[in-house]
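Throughout, protein chains are lettered first and strands after them, A, B, ... in sequence-line order, and every chain is numbered starting at 1. Every heavy atom of this structure was used, including side-chain atoms; hydrogens, water molecules and symmetry mates were not.
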There are 2 protein chains.
Amino acid sequence: MTTQMMIELIAVLTAVRDDVPQVMTIDHGRLLPSGPLESTHRSLQAGVRAWVERQTGHPIGHVEQLYTFADHDRLLGAEQGRMIAISYLALTRSHAGETGWRDWYDYFPWENCKTDAGRDCLTIIERLLCKWVAGMDNAAVRVRQWQRCVTLFAIGDMVAWNDELVLQRYELLYEAGLVAEAGCTPESTVPGRAMHHDHRRILATGMARLRAKIRYRPVVFELMPEEFTLLQLQRVMESLSGVHIHKQNFRRLIMQQQLVEETGGIEEHTGGRPARLYRFCGEVRQARYLAGTKIPLAQP
Amino acid sequence: MTTQMMIELIAVLTAVRDDVPQVMTIDHGRLLPSGPLESTHRSLQAGVRAWVERQTGHPIGHVEQLYTFADHDRLLGAEQGRMIAISYLALTRSHAGETGWRDWYDYFPWENCKTDAGRDCLTIIERLLCKWVAGMDNAAVRVRQWQRCVTLFAIGDMVAWNDELVLQRYELLYEAGLVAEAGCTPESTVPGRAMHHDHRRILATGMARLRAKIRYRPVVFELMPEEFTLLQLQRVMESLSGVHIHKQNFRRLIMQQQLVEETGGIEEHTGGRPARLYRFCGEVRQARYLAGTKIPLAQP
DNA sequence: GCTATTTATGCTCATATTGAGTATAAGCCG
DNA sequence: CGGCTTATACTCAATATGAGCATAAATAGC
């Protein structure tokens, strides 16, 4: 009855470079950093850190658990028992061009609504989903699924785009047969890079978690350099969420929450008036850290 | 190097009975329902459902993953490899007095700030924590730990009580040696029932997750009967969060979000004017479901 | 030097949301 | 009937939010 299991640790390691969110990959972008839990690992987190740091050389800041999977897809041999995958979200500061980093939006172009490429991709998806539901026999099912498409992809502006529904959107596209999870279908009809196994889905889970978390916890600062201007901070937030932010309101909210303090330094090369430099000071203000953070994320 | 693992599934099954949140236990309240993942289970969720329904007879509504643990405390024998525990939060409607149900606040009396018993417990904790930090050598550490106590337990009204920090509070008490996790220390100085292994900690994780989730997703309705009055709904929310809610504002927010619709029925025996009965209608309004829910949770 | 352009930063204003309270309705109990 | 309870509608002030105007201070082109 009871079977022994193999445990695999998988990391969605994210950094932001030149205002583009990136994820660490191996195998030419087809796999996330991952490896089996070993007896030398003192804990699951330690195991993830070991695997990731072996591949990047970076110390990782924030690490948090994402999800534990054990689908029947993940069966090993009949006698060997099942494979269980424990996934983690890890954040690190900007890197100096090591290999393995790939843009988030290479895998999920439709999630980058800020850019023309993202909007074009959404147009394609809209048409394909329309065709998908049109081909359904049952009218009630057709209506319900179209409703789902409309809310998830904000079709027709009836509903606002919700940037946190990365996973739900991916799963809808997967159900509709518009993405190839295993990468073995070269005629995948929606733009975007595929990954092996369910790694693309795990990446979606990590993106969704991070987009949700930056709204109420000051985790963005794990991705920022020691000193930064407020516009740099805003650009990072925007690139992660894929949504525009009203500049003046963003500053207002950041300042009034006292998450940052001036370093006294000035960034000269802004292309305009020089900007003040700030540093994160929420670590010491533990009260505020636990109380949570608010970020204004407006619609395009 | 790579070791095989035993997987244990653990459920924090919650229901609300007579406005008191309860958790399903076994072994006279000393363990959460749990059992090993078996090869007959089609998925992890299915395994949890199987274990829980075997013990309660109830169909469970909402099930969501909480956390996966693999502490070194959880070692089996040297050769047998480690034990991994995957915990789940499960919700079910009110039950008719089966055995095994225990009040949340038997284990965490201090989390029930609404009641006098809860406030008394907090007074005791405040004194004990004060003594704990006073006994520290390093002044800097003492200040930092006292700051932590103040923010987590809202000591001295400098910070508002945050009902979601159940786990952080428990871990602080544990660090301070004020609770006995294994239940083998009869002289545990803080009120509250103990559990075996780390089950009390897992319960804390579940409580924290549920308290956080009811604020932005309509999961409360999983705990409600088919028809209910708005006061009944409010009482359930209050008992889960352990915090008072302003009645009129609560109604306003629930109504304007259109999460419920009138059934046309009337609850006569309210002790005052009869109340209208409502039912949850958010399942059909998927847009609103995905968009999220807001609940006003004020301070005492 | 002057002007257009760019970014930084301060401030205003209408609107929406929230917290708190008042007022009235409609049942029960003695 | 008056006194109690709960239900429900509405008001009002304080805050928060979304959107925009205005000014400051740099650079680039002429």
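- What separates CG of A:N249 from P of C:dG10 is a distance of 14 Å, to the nearest Å.
- Between the side chain of A:R252 and the base of D:dG18, a donor-acceptor pair under 3.5 Å is found.
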* To do: Could you please spell out the steps behind the side chain to side chain contact (heavy atoms under 4.5 Å, CB included) verdict for A:V243 and A:C113?
  => CA-CA 7 Å; A:V243 154; A:C113 321; 5.6 Å; no

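- Looking at A:Q232 and A:R235, their side chains never bring a donor and an acceptor atom within 3.5 Å of each other.
- Following rounding to the nearest Å, B:Q232 (CD) and D:dT5 (P) show an atom-to-atom distance of 19 Å.
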* Could you walk me through whether A:Q147 and A:R144 pass the side chain to side chain donor-acceptor pair (under 3.5 Å) test, one step at a time? => CA-CA 5 Å; A:Q147 178 61 29; A:R144 197 153 43 77; over 6 Å; no

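- As a whole-Å value, the separation of B:I266 CD1 from D:dT6 C1' is 13 Å.
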* Apply the test side chain to side chain contact (heavy atoms under 4.5 Å, CB included) to residues B:V16 and B:Q22: give CA-CA distance (whole Å), side-chain angles for both, the deciding distance (0.1 Å), then the verdict. => CA-CA 6 Å; B:V16 178; B:Q22 299 187 310; over 6 Å; no

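- As rounded to whole Å, 20 Å separates atom P of C:dC11 from atom CZ of A:F250.
- A cation-pi arrangement is found for A:R169 relative to A:W161, the charged atom lying closer than 6.0 Å to the ring centre and inside a 45° cone about the ring normal.
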* To do: Mind running side chain to side chain contact (heavy atoms under 4.5 Å, CB included) on A:M207 and A:Y107 for me, showing each step along the way?
  => CA-CA 11 Å; A:M207 289 170 61; A:Y107 300 96; over 6 Å; no

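- Side-chain contact between B:I60 and B:L91: absent, with no pair of heavy atoms (C-beta onward) separated by less than 4.5 Å.
- A:K247 has no side-chain polar atom (N or O) that falls below the 4.0 Å cut-off from OP1 or OP2 of C:dT7.
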What does the list of N/O pairs under 3.5 Å between the protein and nucleotides 23-26 of chain C look like, with a distance for each?
unit_1, atom_1, unit_2, atom_2, d
C:dA25, O4', B:R273, NH1, 3.4
C:dA25, N3, B:R273, NH1, 3.2

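- At whole-Å resolution of the value, CD1 in B:I245 and P in C:dG21 are 16 Å apart.
- Taking only side-chain atoms of A:R251, from C-beta outward, the nucleotide of D:dA7, C:dG10, D:dG20 with the closest atom is C:dG10.
- Taking atom CE of A:M255 as the reference point, atom C1' of D:dA16 lies 18 Å away to the nearest angstrom.
- Across the protein-nucleic acid pair, A:D19 atom CG and C:dT7 atom P stand 12 Å apart, rounded to whole Å.
- Contacts of B:F108 classified as ring-ring contact (aromatic ring centres under 6.0 Å, His included), with partners at least two apart in sequence or in another chain: B:W110, B:Y170.
- We find that CD of B:Q234 is positioned 12 Å from P of D:dT6, with the value rounded to whole Å.
- Residue-level contact check: B:R276 touches the backbone only, with heavy atoms under 4.0 Å from sugar-phosphate atoms and none from bases.
- Each end of the helix from C:dG1-D:dC30 to C:dG30-D:dC1 gets its own axis, taken as the rotation carrying the C1' atoms of four end pairs onto the next four within a five-pair window, and the two axes meet at 0° to the nearest 10 degrees.
- Within 4.0 Å of A:L231, counting heavy atoms only, lie sugar-phosphate atoms of the nucleic acid but no base atom.
- Side-chain atoms of B:R251 and B:Q248 form no donor-acceptor pair, as typed in the model, at a separation below 3.5 Å.
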